[in-house]
Amino acid sequence: MRDIRLLDRVFMPGMLIGPFTNANPGLGGVSTFVGEVRSDTGVEALELTHYEPLTLPGMHQLADRAFARFDLMGLLMVHRVGLMHPGEPIVCVSAAALHRRDAINAVDFCMDHLKSAAWFWKREKRDGEWHWIEPREQDHSDLSRWQA
Amino acid sequence: MRDIRLLDRVFMPGMLIGPFTNANPGLGGVSTFVGEVRSDTGVEALELTHYEPLTLPGMHQLADRAFARFDLMGLLMVHRVGLMHPGEPIVCVSAAALHRRDAINAVDFCMDHLKSAAWFWKREKRDGEWHWIEPREQDHSDLSRWQA
Amino acid sequence: MALVVLLGKLADLAGASTLPLPLPMSVELNWETLKAALPPALAEALDDPRIRVAVNGALLPNKSKLQAGAGDEIALLPPVSGG
Amino acid sequence: MALVVLLGKLADLAGASTLPLPLPMSVELNWETLKAALPPALAEALDDPRIRVAVNGALLPNKSKLQAGAGDEIALLPPVSGG
C-alpha cells in the first residue's frame, strides 16, 4: 500500500495512519514520523513552495528507492505545502513492514531524503519579515549515512 | 511528558499518540513505532508474561536512559501483556523532540532494549500448541549498536 | 513460608507459576537448599547461567549467593524472549 | 512566449514567481540569451553552480547547454531548504 501526497491544507496524522495501518494486514510493525512547525523559535509562519512537475515525481522516486532498499509492505509519505503555522504538521512518513528494522529505517531514510533532496523551498516569517531557509550542513551528513 | 504503561487489554495506538502529541506543545517531531502480532506466521495466539516487580521498573529505567541519551520532550512506552491475537498491537513507543534525529533514535533505542532487555517472556500458540520464544541473535546485534 | 515465582518455561517445568515453600521462620535458604526443595527437573534447569534470580523484586548479582527465608519472594527468571 | 518559473529566493529577486518571456516562435533560447532576457540582478544570481534548471519538468544535467523556445516552461531552481 503506497500513498504519496502533497497537501495544501492542515491535516491530522492520526486520520492517515489509522487507515494506512489497516490497509496493510499482516504487518509486524509500523514506524511513523510526524514533523511539526516548531513554536519555540519565534517563527510566526512557514511557507513551503514546491514545483509540481518535480516535487511529486521526486517523492515517488524516493518511495521507489525505499521499497527497493527495505522490505516494506506499505509506505505513506504526505507533505504539506503552502502557508503553515506553529504546531501544524508539515510531514508524515509511515512505513509498514514485517520487521521493525525495515519499518524504522525506511522512515529514517525517507525523512533524510525528503528534507535534503526533495524539491521544497521554505521561508519563515519572524517579526513580520519573511526569510528563506538555506540548506544545512546537518542535512548533508544525514544523507551521507545512506551512501555506504 | 512521560507515559510508561503495561496494559492487559487490547489498545488502539491512535488513542495514545494523539493525546501524547498534544501533551508536548512546541515539539518539532514525533516518531512512533507500533508493533503488532504478525498474522503471516501461523501463530494463533501470543501470550506475554511479565514479572511486575521487575518489568515496569525496567521500563522506567529504560525511559531514564532514553531521556539521558537523547534530547527528548516526551516519551510514551506502552506494552501489552497477557493473551493476544494476530493483528493486535503489542507495543507502542513514541518520542517527541525538537529535532527529528532525537525522536527517531530514541524510539529505535527503546525498541531494541524493550525487545531484548526488558522482562517479558513470550509464548506462541501454533496448531493448538504453546511454544516459548527464545532470545534471538538479531536482538543481541541490535543492542550492540548502542554500546559505542 | 517462602514463595517461588516461576517465569517463562520454568513455569512449565514446575507445572505452576508459583510454588509456596513451607518453611519454619528460623530456616535460611541458600542456593543449594532452595534447589533441594524444588522438583528435580526444575532444580536441574536452574544452573543454566542465563537464569537470573530476584529476591523480593531485587535481582541478585550472583544467584549462588542467594540468602532467603520465610516471607521472601524468590523469582526464577529465564532469558527473556526476543522479538 | 516562454514561461520562466522562479522558485525560492529567485522569486524575490525577480519580484514574481513567473516571468513570461515574449518570444517569436523562431527564436531559440540558450543559457546566455535567457540571462540577457531576465532582470540583471536575477541573471547575475543564476551562475551559482547550485542553481539547477528544468525545461518542461525535466532537469538539465548541465544548465549551460540549455535549449528552449516558445511554448517551453523553464524552471530556475535554487538549492532546496534544509530541515
Side-chain angles (χ1 to χ4, degrees), chain B residues 6 33-38 41 43 46-62 79-84 89-91 93 108 110-125 129-145, chain C residues 1-21 29 31 34-35 38-39 41-83:
Chain B
L6 289 167
F33 179 81
V34 175
E36 294 190 354
V37 183
R38 281 164 54 183
T41 52
V43 171
L46 184 70
E47 191 182 38
L48 246 79
T49 311
H50 69 298
Y51 181 55
E52 181 72 37
L54 290 178
T55 310
L56 199 57
M59 289 169 70
H60 277 284
Q61 285 159 18
L62 178 53
H79 212 292
R80 266 296 300 281
V81 291
L83 190 66
M84 288 161 266
I90 309 180
V91 59
V93 176
D108 205 4
C110 289
M111 280 304 305
D112 280 351
H113 287 81
L114 261 180
K115 289 260 185 178
S116 312
W119 295 97
F120 293 109
W121 294 269
K122 261 186 217 174
R123 55 178 194 161
E124 293 177 341
K125 194 177 191 175
E129 292 210 13
W130 287 102
H131 305 274
W132 290 101
I133 303 178
E134 300 290 332
R136 298 183 316 160
E137 193 46 50
Q138 170 76 34
D139 296 314
H140 294 293
S141 64
D142 285 347
L143 270 190
S144 67
R145 299 190 305 142
Chain C
M1 190 198 88
L3 187 67
V4 176
V5 178
L6 301 142
L7 279 301
K9 63 165 69 164
L10 296 180
D12 289 352
L13 273 178
S17 59
T18 54
L19 289 177
L21 292 187
L29 279 175
W31 184 238
L34 172 68
K35 286 192 292 180
L38 297 172
L42 176 61
E44 198 177 318
L46 293 184
D47 281 324
D48 181 333
R50 299 175 307 158
I51 292 179
R52 305 286 306 271
V53 176
V55 176
N56 298 326
L59 274 176
L60 301 184
N62 181 347
K63 68 190 174 192
S64 69
K65 303 255 169 77
L66 169 83
Q67 289 187 308
D72 288 337
E73 177 169 306
I74 303 162
L76 304 177
L77 312 156
V80 295
S81 307

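Order of the sequence lines sets the chain letters (A, B, ...), proteins ahead of strands, with each chain counted from 1. Since the model is a prediction, treat every value here as computed from it, not as a measurement. Atom set for the values below is all heavy atoms of this structure, side chains included, hydrogens, waters and symmetry mates excluded.
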Enumerate donor-acceptor pairs with a distance under 3.5 Å from any side-chain N or O in residues 5-17 of chain C to protein atoms, sequence neighbours excluded.
| unit_1 | atom_1 | unit_2 | atom_2 | d |
| --- | --- | --- | --- | --- |
| C:Lys9 | NZ | B:Glu134 | OE2 | 2.5 |
| C:Asp12 | OD2 | B:Trp132 | NE1 | 2.6 |

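With chain B as partner, the option from C:Gly57, C:Pro78, C:Ala54, C:Ala58 having the largest number of non-hydrogen pairs under 4.5 angstrom is C:Pro78.
A heavy-atom distance below 4.5 Å is found between the side chains of B:Trp119 and C:Val80.
Within residues 63-72 of chain C, no residue has any heavy atom under 4.5 Å from a heavy atom of chain B.
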